[in-house]
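These notes concern the structure reproduced below.
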Amino acid sequence: MNTPYDVAALRRDFPILSDTVYGKPLIYFDNAASSQAPRTVIDEIDRLYLHSKANVHRGVHCLSQKATGAMEASRERVRDFIGAESSDEIIFTRGTTEAINLVASSYGSLLSPGDEIILTQMEHHSNIVPWQLLERRAGIVLKVVPVDDNGVLDMDAFRSLFSERTRLVSVCHVSNVLGTVNPVAEIAAYAHSRGAVVCVDGAQAISHEKIDVRAIGADFYAFSSHKMYGPTGIGILYGRRELLEAMPPYQGGGEMIGHVSFSGTTWADLPYKFEAGTPDYIGAAALAKAIDYMENVGLDRIAAHEQALLQRATEAMLTIPGLRIYGTAPGKAAVISFLIGNAHHYDTGILLDRMGIAVRTGHHCAQPLMERYGIEGTVRAAFALYNTEEEVDIFVKSLRRAADMLL
Ligand SMILES: *Cc1c(COP(=O)(O)O)cnc(C)c1O
């Protein structure tokens with residue numbers, strides 16, 4: 001099988017991939033939790049710390065201007081990457097979690113007791129708990145779309161959950177457990193026809209496919225840099241201008257004000273209204289390098305490569321006696337959650353770790369989904385642009401050995 005790009009050459013861009021664990025070459029399959037960063041990202045962080053570390057926006061001096069320039073250039077890079085209309089609609093946050101909390105808190109404050117929000121059974125805790133806080137604080141009613149055995153949303157149930165009081169739908173674009181790619185454009189179109197807005201948790205989608213927030217019709221779209229080959233501590237909330245303008249600030253502090261006075265404070269314009277305090281301007285600048293990297297490889301080619309790995313791994317894994325895969329939706333992303341017989345997910349993970357293979361084990365911050373399947377957790381392997389067929393083959397062989405030991 002031909003891969004559409006030279007993976008071996010590209011792996012040299014990721015210093016950590018030549019590390020060993022327990023004396024074995026590292027096989028890194030925990031990409032759905034955090035993916036590794038290429039040297040261009042690491043170098044940008046280095047460069048900024050060495051030459052441009054100064055606070056943004058307030059400074060007249062050269063370093064501050066450079067830092068501001070790098071951060072604002074990144075905002076524009078992100079805008080272009082996700083097809084937003086204006087960079088005013090790009091808010092820097094700490095990550096997906098903070099982005100969704102911002103929406104729940106700020107947009108949520110515009111809702112009234114008895115207003116309804118629709119979530120799904122496959123959401124990450126980041127897209128459940130902020131809404132539950134709002135439920136407690138403001139008497140909002142949460143409704144949940146069920147998932148079928150393959151991990152596909154029940155769209156009839158989705159439509160039937162709407163009422164006159166439905167104000168917002170918040171749904172993941174791609175499930176971090178099942179790999180299911182949800183029909184977010186269809187969800188958005190229906191929600192809009194019923195007068196509701198749509199918040200999309202894009203944490204898992206952003207590194208696997210080309211995102212166009214306007215084509216999707218997303219009112220909000222959230223994602224994290226560290227899952228898209230960028231640095232930790234930075235993420236994005238995209239919000240439609242009209243909505244962001246109507247929303248009150250999320251946090252108060254420096255940067256987000258127009259004028260402060262004890263007789264009344266005014267807010268800064270977008271996007272700064274939502275960026276209180278000193279942002280992670282170095283992380284923001286490095287995120288732009290991660291986007292450059294992905295676009296240089298090509299989102300389509302990354303997707304094709306990951307799909308090939310997914311298919312190869314799935315076919316081989318299913319020949320292991322007792323192995324069950326959770327998440328078999330058509331067109332799923334390159335995430336495989338599984339269990340072997342009655343073996344505990346943690347034991348499987350430990351054995352694989354000893355063989356140099358990093359996978360995730362546990363509930364993956366999706367306990368309601370675990371409950372849906374009547375399990376406590378799974379083992380999860382998730383592929384990224386730098387993973388190889390050889391790694392998949394070693395993984396399956398190692399899994400077979402682990403199964404022999406555990407069953
Ligand atoms: C990782 C993840 C989150 C949370 O992202 P953070 O970077 O931890 O804020 C939310 N939703 C999904 C689907 C995720 O995979």
Side-chain angles (χ1 to χ4, degrees), residues 28-37 41 78 91-105 119-133 144-145 147 151 153 169-184 187 198-209 211 216 218 220-238 250-251 274 279-280 283-284 286-287 290 306 326-327 329 332-337 358-370 372 377-384:
Y28 189 79
F29 284 173
D30 194 17
N31 295 292
S34 214
S35 52
Q36 301 301 339
V41 168
V78 172
I91 316 285
F92 286 115
T93 65
R94 283 193 300 122
T96 308
T97 303
E98 191 179 50
I100 296 173
N101 274 279
L102 191 165
V103 178
S105 174
L119 308 175
T120 86
Q121 220 169 16
M122 66 170 85
E123 298 311 314
H124 188 284
H125 295 167
S126 294
N127 196 25
I128 299 174
V129 185
W131 305 111
Q132 289 179 324
L133 293 174
V144 182
V145 186
V147 168
L153 284 184
V169 177
S170 197
V171 58
C172 60
H173 193 164
V174 172
S175 160
N176 65 314
V177 177
L178 306 166
T180 307
V181 181
N182 288 319
V184 283
I187 287 170
V198 173
C199 175
V200 181
D201 170 355
Q204 291 298 331
I206 195 77
S207 65
H208 295 293
E209 63 177 283
I211 301 302
I216 292 168
F220 299 103
Y221 198 96
F223 54 96
S224 301
S225 154
H226 69 98
K227 294 188 184 191
M228 53 190 290
Y229 312 104
T232 59
I234 188 92
I236 299 293
L237 174 68
Y238 158 80
Y250 170 50
Q251 295 178 325
F274 292 107
D280 182 358
L287 166 59
E306 291 175 348
Y326 294 87
K332 68 178 269 195
V335 174
I336 309 178
S337 277
V359 292
R360 201 75 176 173
T361 67
H363 54 62
H364 314 294
C365 300
Q367 284 179 329
L369 185 64
M370 298 296 117
R372 155 70 181 82
T378 69
V379 186
R380 180 183 72 189
F383 307 126

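Both counts, for ligands and for their atoms, begin at 1 and track the order of listing. The figures here come from the full heavy-atom set of this structure, side chains too, leaving out hydrogens, waters and symmetry mates.
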I'd like the atom pairs linking ligand 1 to the protein - N or O on both sides, separation under 3.5 Å - with distances to 0.1 Å.
from	atom 1	to	atom 2	distance (Å)
ligand 1	7 (O)	S224	OG	2.6
ligand 1	7 (O)	H226	NE2	2.7
ligand 1	9 (O)	T96	N	3.4
ligand 1	9 (O)	T97	N	2.9
ligand 1	9 (O)	T97	OG1	2.5
ligand 1	11 (N)	D201	OD1	3.3
ligand 1	11 (N)	D201	OD2	2.5
ligand 1	15 (O)	Q204	NE2	2.6
ligand 1	15 (O)	K227	NZ	2.7

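The shortest distance between side-chain heavy atoms of S175 and N182 does not fall below 4.5 Å. V335 places none of its side-chain heavy atoms less than 4.5 Å from the side chain of V174.
A donor-acceptor contact shorter than 3.5 Å is absent between the side chain of H364 and the backbone of A366. A donor-acceptor pair is defined here as one N or O able to donate and one able to accept, closer than 3.5 Å; such a pair exists between the side chain of Q121 and the backbone of V147. Between the T120 side chain and the M122 main chain, a donor and an acceptor come within less than 3.5 Å of each other.
The six-membered or imidazole ring of Y238 lies away from that of F220, with a centre-to-centre distance of 6.0 Å or more.
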